Amino acid sequence: MNANKKVALTLPDGSVREFDGPVTGMTLAQDIGPGLAKAALVIVVNGEQWDLSREITTNSDVSIITNRDDEALEIIRHDAAHILAEAVKELWPDTQVTIGPAIENGFYYDFAREEPFTPEDLETIEKRMRQIVERNEEIIRTEMPRDEAFDFFRSQGEEYKAEIIASIPSNEPITLYKQGEFIDLCRGPHLPSTKYLGSDTFKLMNVAGAYWRGDSNNEMLQRIYGTAWRTKKELKAYLLRLEEAEKRDHRKLGKELDLFHFQEEAAGMPFWHPNGWTIYTQIEGYMRRKQREYGYREINTPKLVDRKLWEVSGHWDKFREHMYTTESDECVFALKPMNCPCHVQVFNQGLVSYRDLPMRLAEFGSCHRYEPSGALHGLMRVRSFVQDDAHIFCEKDKITEETEIFCKMLLEVYKDFGFEDVKVKFSDRPEVRAGSDEVWDEAEKHLRDAIEHAGLKYTANPGEGAFYGPKIEFVLTDAIGRDWQCGTLQVDFITPERLNANYVGVDNKKHHPVMLHRAILGSFERFIGILIENHAGRFPMWLAPKQVVVTGITADQDDYVKEVYKKLSDAGLRADIDLRNEKINYKVREHSHAKVPAIFVAGGREAENNTITVRRLGSKNQETLDLMDAINTLVTESIDPDKR
RNA sequence: GCCGCUAUAGCUCAGUGGUAGAGCGCACCCUUGGUAAGGGUGAGGUCGCGUGUUCGAAUCACGCUGGCAGCACCA
């Protein structure tokens, strides 16, 4: 290298520092100031992250990443993964290390080892990690010729690492990082030493299986997950967030609020209880009105259909494994995994003119899919579910218009459920696809135009479209910032052809319509799961299974309480009455736990004055109101959002 | 489906080779109490299912089923 050549480094503020020869990031940081030198973690050289110890030999634009920068998190987590691997290798030298990246909120490392790691092992490993941090081992980067590196790892018994080296493109250098006795193959960059990862800013979370290279044909490794943060405070905040999310778990709340249950004899298929079904039917009623408003006509089609139809539609070929079948009269039937083929059958009855288009057919379609057992997850991933499905049959030049109308409807629906933040993902043509490029060009353009007209911002999901057409996916963000993909719109010009759907055009000739598959909620089951977690079980009035409970202070008010209950019920409220021989404290506690939005309490004074004392969920106060005023307030609050 | 963990009363959980426990809930009784647990009595379990080991299995082993975490999958 040109040791004598001057090196000029340009900092983010435009200032330039010149050095007599190659210079490391650390030297630069020290040159700028001791405070920065202490805080510096990594240097960015011409957009690429470098270790502070690496020599910069040419004029470059540089910036220094410190603990305060967001980019620091990824580096810290990556280091934590290495320290985890070092700890495991120290404790169980026979274990092979594979890969260990930083991920959202933390890091993991995959190990190959016969014996499973136990929760106690995690504690042991975590303790050893702290020791490694305290040892403050310098993290040293070296480059090594590929063959040498390959032989080195093989000699260490690290077959996986050798395999990784073999798959690194030959024009890329092989870099190794050494900390203590532990040497890992890694692209870097890393912190200057292990102490930069604080000893109380990380935590190992759990162990789980993971396939080597993410391929289910490969052997399974053991993955240890951990979380790491810049400060102890950040770590604590994260753990608290996890706890909060756990409290909202719809499976737990579903049991507590008596909404639904699952049992062995129908794994993955919810049994809806009265409370849960009330929510369900409220949503269904709302969607039915909304669909009518937007020109849909509701239909209902068989759940069980002869395999012949599935053969024609192509499902038998592709999704046979995921379909439930049954035999009768020597015919094989399958429970429908989706509704589109049946909807086309309805479309195909009679002769359709272009004047009948667009034809919007909607169904709350009950579907069954045999999902792999490991995929099941409460209401979020089930084997029987109901989609708010609809298919819009239209002419090709109506795609934009129909999509635009759909986007408008979808946003209104989400807003009514309290979701204002909606993201849009646009998936264009996949590698393997049906239809000509011209048709795809046209379909993609129509969709893009529609999204833009609807005033929506979108991100591209290149190559992720369905084989029959491009699609849009709608993602909403819940109260604690989690994203849920719910709605979708897919353009399909294959199915109408395959199932022989035609309409008579202006030209008096037969044409295949375009079919738009669309859903807003996705499945009722999953959407209700999302709602439960979003509201933490405290449903808004219009959805709350039980909207109000009325109870008395003593048995002396029983008659008045009954009278109030009748008035509440007559007003159309989902009311309950509690005449049990319990103290008011007890009853308030219990109904609060059940998350009933309003508790009406009548004592002697209320009974005498025709008033009621109202306690709202989440409030420690109560106020005494005129009975009818109180009822009317609840009635107003209970109005379905589309009727307001 | 794969790896690991797991299954005891309606719920939450303890017990871990020698005839099954707690709290809450439930039933009944006492108590009539003004806003997050008043007191007493009692009922309630083939310890997920099957096979094996053992004099003896809820407990140990194996298999199955369900659940949990993750991976893979998600038309």
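Each chain gets a letter, A, B and so on, in the order its sequence line appears, and its residues count up from 1. These figures come from a predicted structure and were not determined experimentally.
- Taking 4.0 angstrom as the limit, A/Y225 places a side-chain polar atom (N or O) nearer than this to OP1 or OP2 of B/rC71.
- Electrostatic pairing of A/E402 and A/R360 counts as a salt bridge here, judged by a charged N lying under 4.0 Å from a carboxylate O.
- Closest contact between the side chain of A/R223 and the listed nucleotides B/rC71, B/rC74, B/rA72 involves B/rC71.
- To the nearest whole angstrom, the two C1' atoms, one in B/rA75 and one in B/rA69, are 27 Å apart.
- No engagement by A/P119 is indicated, since no non-hydrogen atom pair under 4.0 Å with the nucleic acid exists.
- A salt bridge links A/E563 to A/K567: one of the charged nitrogens lies within less than 4.0 Å of a carboxylate oxygen.
- Taking atom C1' on both nucleotides, B/rA58 is separated from B/rC47 by 4 Å, rounded to a whole Å.
- Using N1 to N3 plus N6-O4 or O6-N4 for Watson-Crick, or N1-O2 and O6-N3 for G-U wobble, each under 3.5 Å, B/rU41 pairs with B/rA27.
- Note on A/V601: a base of the nucleic acid sits closer than 4.0 angstrom, heavy atoms only.
- Residue A/R615 places at least one side-chain N or O closer than 4.0 Å to OP1 or OP2 of B/rA36.
- Within the structure, a side-chain polar atom (N or O) of A/H377 is placed less than 4.0 Å from OP1 or OP2 of B/rA69.
- Using a 4.0 Å heavy-atom cutoff across all strands shown, A/G314 reaches no nucleic acid atom at all.
- Checking B/rA37, B/rC2, B/rU35 against every side-chain atom of A/Q622, the shortest atom distance belongs to B/rU35.
- Between A/R251 and B/rA69, a side-chain N or O to OP1/OP2 separation shorter than 4.0 Å is present.
- Of all nucleotides listed (B/rG66, B/rA37, B/rG34), B/rA37 comes nearest to the side chain of A/R589.
- The A/S592 side chain lies nearest to B/rA36 when the options are B/rU12, B/rG38, B/rA36.
- Side-chain contact between A/I532 and A/F260 is present, with at least one heavy-atom pair separated by less than 4.5 Å.
- A/K583 has no side-chain polar atom (N or O) that falls below the 4.0 Å cut-off from OP1 or OP2 of B/rA36.
- On the P atoms, B/rC71 is 42 Å away from B/rA37, given to the nearest whole Å.
- We find that A/R213 and A/D215 are not joined by a salt bridge, their nearest charged nitrogen and carboxylate oxygen being 4.0 Å or further apart.
- Across all strands shown, A/T613 has heavy atoms under 4.0 Å from base atoms, whether or not it also approaches the sugar-phosphate.
- Using a 4.0 Å cut-off, some side-chain N or O of A/S373 falls inside it from OP1 or OP2 of B/rG1.
- The base of B/rC73 is paired with the side chain of A/R381 by a donor and an acceptor separated by under 3.5 Å.
- Across every strand in view, B/rA7 sits in a pair with B/rU65 that passes the Watson-Crick or G-U test at under 3.5 angstrom.
- With no hydrogens or angles considered, a side-chain donor-acceptor pair links A/T301 and A/E363 at under 3.5 Å.
- The pair A/R605-A/E608 does not meet the salt-bridge criterion, since no charged nitrogen lies less than 4.0 angstrom from a carboxylate oxygen.
- For A/Y211 against B/rG70, no side-chain N or O and base N or O form a donor-acceptor pair under 3.5 Å.
- A/F111 places its CZ atom 17 Å from the P atom of B/rG4, with the value rounded to the nearest Å.
- The partner of B/rA20 cannot be assigned: no Watson-Crick or G-U wobble pair with both contacts below 3.5 Å exists in any strand.
- Each of B/rG34, B/rU65, B/rG70 was ranked by its minimum atom distance to the side chain of A/E264; first place goes to B/rU65.
- Distance from the side chain of A/N585 is smallest to B/rG38 among B/rG38, B/rA75, B/rC71.
- As rounded to the nearest Å, B/rG23 and B/rG44 have C1' atoms that lie 15 Å from one another.
- Of the candidate nucleotides B/rA36, B/rC71, B/rC73, B/rC71 has the atom lying nearest to any side-chain atom of A/M220.
- The shortest distance between the side-chain N/O atoms of A/Y370 and the OP1/OP2 oxygens of B/rG1 is below 4.0 Å.
- At a threshold of 4.0 angstrom between heavy atoms, the contacts of A/E606 include nucleobase atoms, whether or not backbone atoms are also involved.
- Residue A/R605 places its side chain closer to B/rG34 than to any other of B/rC73, B/rG33, B/rG34.
- Side-chain N/O atoms of A/R580 include one lying less than 4.0 angstrom from OP1 or OP2 on B/rC26.
- Checking B/rU32, B/rC71, B/rC73 against every side-chain atom of A/A555, the shortest atom distance belongs to B/rU32.
- In this structure, of B/rU35, B/rA75, B/rG67, it is B/rG67 that holds the atom nearest to the side chain of A/A267.
- Taking atom CZ of residue A/R113 and atom C1' of nucleotide B/rG4, one finds them 12 Å apart after rounding to whole Å.
- When ring centroids are compared, A/W272 and A/F524 stay outside the 6.0 Å threshold.
- Nucleic acid contact class of A/K587 (heavy atoms, under 4.0 Å, all strands): none.
- Annotation: B/rA57 and B/rG50 have their C1' atoms spaced 14 Å apart (nearest Å).
- A salt bridge links A/E533 to A/R482: one of the charged nitrogens lies within less than 4.0 Å of a carboxylate oxygen.
- Among the atoms of the strands shown, base atoms are found under 4.0 Å from some heavy atom of A/T554.
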